[in-house]
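Here the structure is laid out as structure tokens; the discussion comes afterwards.
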Amino acid sequence: MIDEKMTQLEELLRDVRDSYGNRLVQVSSFGAEDMVISHAAWINSIQIPIISMDTGRLHEETHNFIQRIGSIYGLKVRIVFPDSQELEKLLFNKGANSFYASVENREECCLIRKVHPLNMSLAGYEAWISGIRADQTVNRKNSSLIEKNFDSSGRTKINPLLSWTRSDVWEYIEKNKVIYNELYDRGFASIGCSPCTRPVKEGESERDGRWWWENGQKECGINVRK
Ligand code: SF4
């Protein structure tokens, strides 16, 4: 089963690279799913640049991992940061950890630290690749493999792992010896910003480790259609 999915993944990456050329980019947080996509592209010499958002609140382990990726794959990753004025204003008005106070505050922080930097960095691109899986959230379940006109600029979003399960991802990682963030070995099932991500307990879903004080969508906004 995983062999079939691997082949489909490689074919899709080739197809979209041929269709969009240098107007295609992968958006990665270097989670397990993102690494599957980057690895599949890399071993098949499918050149797709990578953009990643450094929110300023990432785990130290994630920074170490990004450094490691560069030395192993030789990948040059474009790291994008929040707008300093927007961030200063947020911190001045609400403090550094306002996201714990309400969903609105949390979404505001994600907007400033993730969504706005992503939108800025996608200028010049017509399509981008995301590592979401349909079984992660309700929003993702309603996504499709290729999402045309995903944002207000009419970009296409491609979700190559939409039909993959968590076990597919880890089967691929083990089979292909893909490197991964060491936080997974410490009980993290999904890795985001340090103050908003925790390891999951037995019986919890992988998204339970994200914004655990909230009920609801558990989305930062970048994978939500505008
Ligand atoms: S995950 Fe947390 S720290 Fe990171 S941008 Fe969202 S609210 Fe802010």
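As the structure lists them, so they are numbered: ligands from 1, and atoms in each ligand from 1. FYI, the numbering just counts along the sequence from 1.
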**Candidate pair R113 and E108, rule salt bridge (Lys or Arg N to Asp or Glu O under 4.0 Å), full reasoning** = CA-CA 9 Å; R113 293 181 186 269; E108 180 184 30; over 6 Å; no
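- Nearest to atom 6 (Fe) of ligand 1 among the protein's heavy atoms is C110 SG, 2.4 Å.
- Each of the following atoms of ligand 1 lies closer than 4.0 Å to a heavy atom of R113: 5 (S), 8 (Fe).
- By the criterion of a heavy-atom distance under 4.0 Å, both the backbone and the side chain of R106 are placed next to ligand 1.
- For T62 (side chain) and L58 (main-chain N/O), no donor-acceptor pair under 3.5 Å exists by modelled atom type.
- Using a 4.0 Å cut-off between heavy atoms, C196 contacts ligand 1 through its side chain alone, with no backbone atom that close.
- Salt bridge annotation for E206-R133: present, with a cationic side-chain nitrogen under 4.0 angstrom from a carboxylate oxygen.
- Atom CG of D18 has more than 12 neighbouring heavy atoms from other residues, nucleotides or ligands inside a 6.0 Å radius.
- In this structure, K218 forms no cation-pi arrangement with W211, as its terminal cationic atom is not both closer than 6.0 Å to the ring centre and no more than 45° off the ring axis.
- For atom 8 (Fe) of ligand 1, the closest non-hydrogen atom on the protein side is C109 SG, 2.4 Å.
- Because the distance cut-off is set at 2.8 Å, C193 qualifies as a neighbour of atom 4 (Fe) of ligand 1 through one of its N, O or S atoms.
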